[in-house]
Trainee: 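Encoded as structure tokens, here's the structure I'll be asking about.
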Amino acid sequence: MSKQKLIAGNWKMNGSLAANEALLAALRAGLAGTQPICAIAVAVPAPYLAQAQALVSGTPIGLAAQDVSQHDGGAYTGEVSAAMLRDFGARYVLVGHSERRQYHGESDATVAAKAQKALAAGITPIVCVGETLAEREAGQTMDVVRRQLAAVIQANGHCISEIVVAYEPVWAIGTGRTATPEQAQEVHAVLRAQLAAATSAAARVPLLYGGSMNAANAAELLAQGDIDGGLVGGASLKAQDFLQIIAAAGS
Ligand code: 13P
């Protein structure tokens, strides 16, 4: 039997108390009475962690945060520490999402430090890597993702088998332009090989694909040998779409 896939929704900066309640109620209803066929998570904005924690309690939906500080605590206004995320039951945290690398200047070293803080707090970091369109067109895709992952491997040593990696080509995020299953698999195979050089447990590190994944294209992406799940943006905000992607992960 193939290993269980992970479907994680990234809500980004969307939601409200009312909208979150409706979305999570619809997901709960859609999952009720079924055996979870894959691992499921939702990455919610930090202020809603407490609300979401209560609403996913007793369901197969795991709670994720969208970012974590590279510091433990102290004078870092606006930052949220791994210990704080753990207080609210976060099981996963995204680190190094391209929107944070691009708009908040996060370097490979910062991303690696964030992954380290998450692991130390017992939270699974979902490490995002991916090339821009210019980098792809310049033939630099593999160099870019290898460099991004190398920083995390170097900083995390023997814990590296405890991470999740998400390959998100920047040109596919929110654009409706998905990587083909072959393009995604090609990169995933490179990431798997890189992990295998660092740990004997590389086969069990989930490698997610993200970038315009939706109900229509999920199945063929998830059928690829090294695609172990999805990191879903826009489609995770629509309960029926997200449920269909979850269903595709089990088929
Ligand atoms: P979209 O699914 O909206 O393209 O977003 C992907 C993403 O960035 C998930 O982290």
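Position 1 is the first residue of the sequence, and the numbers go up from there. For ligands, and for the atoms within them, numbers begin at 1 and follow the listed sequence.
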Trainee: For the residue pair Pro60 and Leu31, what are the closest heavy atoms and their distance?
Mentor: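 Of all heavy-atom pairs spanning Pro60 and Leu31, the closest is CG-CD1, 4.2 Å.
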Trainee: I need the nearest protein heavy-atom contact for atom 9 (C) of ligand 1: residue, atom name and distance, please.
Mentor: Glu168 OE2, 2.8 Å
Trainee: Show the atom names and distances, to 0.1 Å, of all donor-acceptor pairs under 3.5 Å that link a side chain in residues 160-167 to residues at least two apart or in another chain.
Mentor:
{"unit_1": "Tyr167", "atom_1": "OH", "unit_2": "Glu131", "atom_2": "OE1", "d": "2.9"}
{"unit_1": "Tyr167", "atom_1": "OH", "unit_2": "Glu131", "atom_2": "OE2", "d": "3.0"}
{"unit_1": "Tyr167", "atom_1": "OH", "unit_2": "Arg136", "atom_2": "NH2", "d": "3.3"}

Trainee: Between Gly210 and ligand 1, does any nitrogen or oxygen pair lie at a separation below 3.5 Å?
Mentor: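 The answer is no, given that Gly210 and ligand 1 share no N or O pair closer than 3.5 Å.
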Trainee: Leu208, Leu237: one ILVMFWY side-chain cluster at the under-4.5 Å cut-off?
Mentor: no
Trainee: Could you tell me the residue and atom name of the protein heavy atom closest to atom 2 (O) of ligand 1, and the distance to it rounded to 0.1 Å?
Mentor: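 Here the closest protein heavy atom is Gly233 N, 2.9 Å.
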Trainee: Below 3.5 Å, N or O to N or O, backbone or side chain included: is there any such pair between Ser212 and ligand 1?
Mentor: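 There is such a contact, yes.
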Trainee: Please determine if Lys12 has a nitrogen or oxygen closer than 3.5 Å to a nitrogen or oxygen of ligand 1.
Mentor: yes
Trainee: Membership question, hydrophobic clusters at under 4.5 Å side-chain separation (ILVMFWY): are Ile126 and Trp11 in the same one?
Mentor: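 No; tracing contacts between hydrophobic side chains, which count when under 4.5 Å, never links both residues.
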Trainee: Record the part of Ile173 in heavy-atom contact with ligand 1 below 4.0 Å; permitted values are side chain, backbone, both and neither.
Mentor: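 The part of Ile173 near ligand 1 is both the backbone and the side chain.
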Trainee: Below 4.0 angstrom from a heavy atom of Leu231, which ligand 1 atoms are there? Numbered from 1 as shown, please.
Mentor: 9 (C), 10 (O)
Trainee: Identify, for atom 3 (O) of ligand 1, the protein heavy atom at the shortest distance, and state residue, atom and that distance.
Mentor: Gly234 N, 2.8 Å
Trainee: For ligand 1, which atoms have a heavy atom of Gly211 less than 4.0 angstrom away?
Mentor: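 Every atom of ligand 1 under 4.0 Å from some heavy atom of Gly211: 4 (O), 6 (C).
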Trainee: Does a sphere of radius 6.0 Å around CD in Gln240 hold more than 12 heavy atoms from other residues, nucleotides or ligands, not counting ones at 6.0 Å or beyond?
Mentor: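 It does not: Gln240 CD has 12 such atoms or fewer within range.
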Trainee: Has ligand 1 got any nitrogen or oxygen that is less than 3.5 angstrom from a nitrogen or oxygen of Ala235?
Mentor: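 Looking only at distances, the answer is no, because the N/O contact criterion of under 3.5 Å is not met.
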Trainee: Tell me whether Gly174 has any N or O atom under 3.5 angstrom from an N or O of ligand 1.
Mentor: yes
Trainee: Quick test of your reading: applying side-chain hydrogen bond (donor to acceptor under 3.5 Å, both in side chains), list the pairs with at least one residue in residues 98-107, sequence neighbours left out, ordered by first then second residue.
Mentor: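 Sorted result for residues 98-107: Lys12-Glu99, Asp67-Arg100, Arg100-Glu106, Arg101-Asp108, Glu106-Lys114, Ser107-Thr110.
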Trainee: Going by the order shown, which atoms of ligand 1 are within less than 4.0 Å of some heavy atom of Ala172?
Mentor: 4 (O)
Trainee: Cluster question for you: counting only ILVMFWY and a side-chain heavy-atom cut-off of under 4.5 Å, with indirect links fine, are Leu6 and Val56 together?
Mentor: no
Trainee: Going only through I, L, V, M, F, W and Y residues with side-chain contacts under 4.5 Å, is there a path from Leu231 to Leu207?
Mentor: no
